[in-house]
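What follows is a short report on a single structure.
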Amino acid sequence: MRVDDDAMGVTTFRFALLYFVLNRDFPTSQHSIRRLRFPEKLSRASEDHSVQFPVITMANPQVLLADLNAGRCSNVAEVRLLRYWEARNVRKGGELMSVDMLFVDENSTLTQGSVSANRQLRFRKRLSEGSLYTLTGFDVTRSNTNFRLCDAPFSIRFNEGTSLEKITASARPIPTELFRFMPYGRLLELANTGKQLPDIIGELSAIRSTITDRIAGAQRVMLTLRLESGENVCVSMFDSLALAFHTKFDSYGREPKVIIATGVNPKIVGGRLFLNATSSTHLYFDSETAAGKKLFDTLPGHGAVPGESTSKVVHAQKIEPMTLSELNQFIITAESQIIEFLCTAKVTGIQQDEGWCYIGCSGCSKKLVREISSFTCLSCNETNAVAALRYRVALSVSDNTDTASFLAFDTEMAKLTNLQASEAAQIVGIGVDAQVDTELPQSLADIVGKTYTFQLKLNDFNFSSKHQTFTISRIFPERVLAPMPAFVVTEDGTVPADAQAGDLPHGTIGNVGITSTGADKPTTSDASTGKRPPPAKDQDDDDKTAPKKAHVE
């Protein structure tokens, strides 16, 4: 059987191509092709520059976010950057830890990404919310199980070989926005768990703000949103987040009707649900997003209600500064009331007659009752409660007008000293035999001689003949603008102790995640009534029942 030379040459060339493709070593130059032992006619054809041979390049294959596996990924992910924010360590003076971000791909898979502080400058200028990117050469790690912004089991971490390139368009249908809205019942389930940071959308009912200027410091903004299901919730923002909200609010030109808040932390305080802003929180107004526009268009008159007030903003009155002399005189001459003041004074000593700590419940912080061989927490109804040391520090203070005694509890002292009471000392023994194994910690001794601005909360107890100390609600290292008294009022009229501005989730504080394109201190949804809360008796009870002295073994 005669075989045509041309046919044999083509067949040989095809097998050669297949061999080198399978071995990923296909010769791409004419000289390499010429070295193949092809029939003479094909060899001559290769020397003819009019004959074009194909050039094969092995590009990295594309991968979907849902298909990522732990380890180094060299595949290409085509994604849209939805949001990014800074993660800072509040325990180290706001030190930048990383720049975190949220990606979405064509299958609407959300995945969190992160670039460490030492690499963030390389990528920072490339980040543009809403833009499309190709991402390759990154590490895939397991997602944190707490404070989750998405449900993906893995997250992306940039490394020294990561490539992030912006692209102008994509053939893939990648969503321009994606939110994790959850119904009211689900928000209740997530409250106080620290597991998820959902998104929220609602009609703006009221804005409660302490900001009347741009002085940096302790600021507070409370947004009351009405959900589509009819419930009212409060979104709380503090400090830099609160200031950034007002910057966006002032530049918007009008009061928004619909607000979307992302990455909020649900908490229940006093039996009510509050949504606290975190470092990942971004706010969107009205029609800045498709989801917001959809709700905005359903409101009568696009959110306008006939006869309603022209403004929903309620500016809370600033807390007034007062000297110690004025403070001591005030409690003698004024009527009993709930009020707060700022006092700047020097710490002249720590009163140790009643000790500097007490043995409290590790869950609720209330003082434990000492049984023969255990501790009982009456608040938690626990007969075998886990004990933990809590600060209760009486400070002697003075200014150039007078002297006074201020009483500070666990939260504020831990922030001031950057040390938990349980880290400063240990409990030796149990029940009636329990003792503390150290004298005054050096961290407390070091604050003597320093000047602070104290925010003091006065109630009925301070206006009685039994008054001896003023309770500190916050301590500032220097004179700053302090917030209004707590807006939270429980069913029995008391102010919950945990309704205090606290650290952001993850132990971070972020750059202001508020954009014009698509801190834990809650308040009630009806806080705009402007009524003062009734006396907070629980804290006074703690003062009276705290142990007189922490004994030294």
Side-chain angles (χ1 to χ4, degrees), residues 146 188-195 265-274 354-394 407-415 417 419-438 441 444 457 459 461 469 471-473 486 488-503 520-522 533-553:
N146 294 324
L188 289 176
E189 294 175 359
L190 292 174
N192 301 339
T193 65
K195 295 298 184 183
N265 186 17
K267 287 193 174 184
I268 293 179
V269 180
R272 297 188 176 106
L273 176 66
F274 305 101
E354 298 184 1
W356 60 272
C357 64
Y358 68 95
I359 299 176
C361 175
S362 61
C364 70
S365 298
K366 297 289 185 181
K367 180 192 173 185
L368 293 177
V369 177
R370 303 187 186 196
E371 308 292 351
I372 296 177
S373 59
S374 66
F375 296 106
T376 297
C377 179
L378 299 179
S379 178
C380 299
N381 194 25
E382 176 62 55
T383 57
N384 193 23
V386 177
L389 284 183
R390 305 295 185 188
Y391 284 113
R392 181 188 181 278
V393 183
L407 188 62
F409 286 92
D410 196 65
T411 300
E412 291 309 314
M413 291 309 302
K415 290 180 181 179
T417 62
L419 191 69
Q420 299 289 337
S422 57
E423 297 172 333
Q426 294 182 349
I427 302 173
V428 177
I430 194 170
V432 294
D433 298 323
Q435 294 182 346
V436 180
D437 70 346
T438 185
L444 290 181
K457 184 174 177 114
N459 52 38
F461 173 76
T469 60
T471 300
I472 298 171
S473 57
V488 179
V489 183
T490 62
E491 299 293 340
D492 60 358
T494 60
V495 179
D498 54 351
Q500 300 290 331
D503 295 342
D520 285 350
K521 201 167 188 178
K537 298 180 180 179
D538 287 350
Q539 192 167 353
D540 295 331
D541 292 340
D542 287 344
D543 299 350
K544 297 174 184 178
T545 58
K548 297 301 181 182
K549 186 173 182 178
H551 298 285
V552 180
E553 186 181 38

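Start at 1 with the first residue, then count along the sequence.
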- Query: Looking only at heavy atoms, which two atoms of F409 and R392 are closest? And how far apart?
  - Reply: CE2-CG, 3.8 Å
- Query: Atom CG of L273 and atom CG of L190: how far apart are they, to the nearest 0.5 Å?
  - Reply: 9.5 Å
- Query: How far apart are the closest heavy atoms of C380 and C377, and which atoms are they?
  - Reply: N-SG, 3.3 Å
- Message: Between N192 (side chain only) and K267 (backbone N and O only), is there a donor and an acceptor less than 3.5 Å apart?
- Response: no
- Query: How many angstroms lie between atom CZ of F375 and atom OG1 of T383, to the nearest 0.5 angstrom?
  - Reply: 13.0 Å
- How many angstroms lie between atom CD1 of I359 and atom NZ of K367, to the nearest 0.5 angstrom? 9.5 Å
- Message: Is there a side-chain contact between Q420 and D410 in this structure, where contact means two heavy atoms from C-beta onward sitting under 4.5 Å apart?
- Response: yes
- All heavy atoms of A408 vs all of I472, minimum pair found to be CB-CD1, 3.8 Å
- Task: Check S473 against E412 and note the closest heavy-atom contact, atom names and distance.
- Result: O-OE2, 3.2 Å
- Between OG1 of T376 and CG of N384, what distance do you get to the nearest 0.5 Å? 8.0 Å
- Side chain R390, main chain C361, donor-acceptor under 3.5 Å: yes
- Message: Quick check: closest heavy atoms across Y391 and A421, and the distance to 0.1 Å?
- Response: CE1-N, 3.3 Å
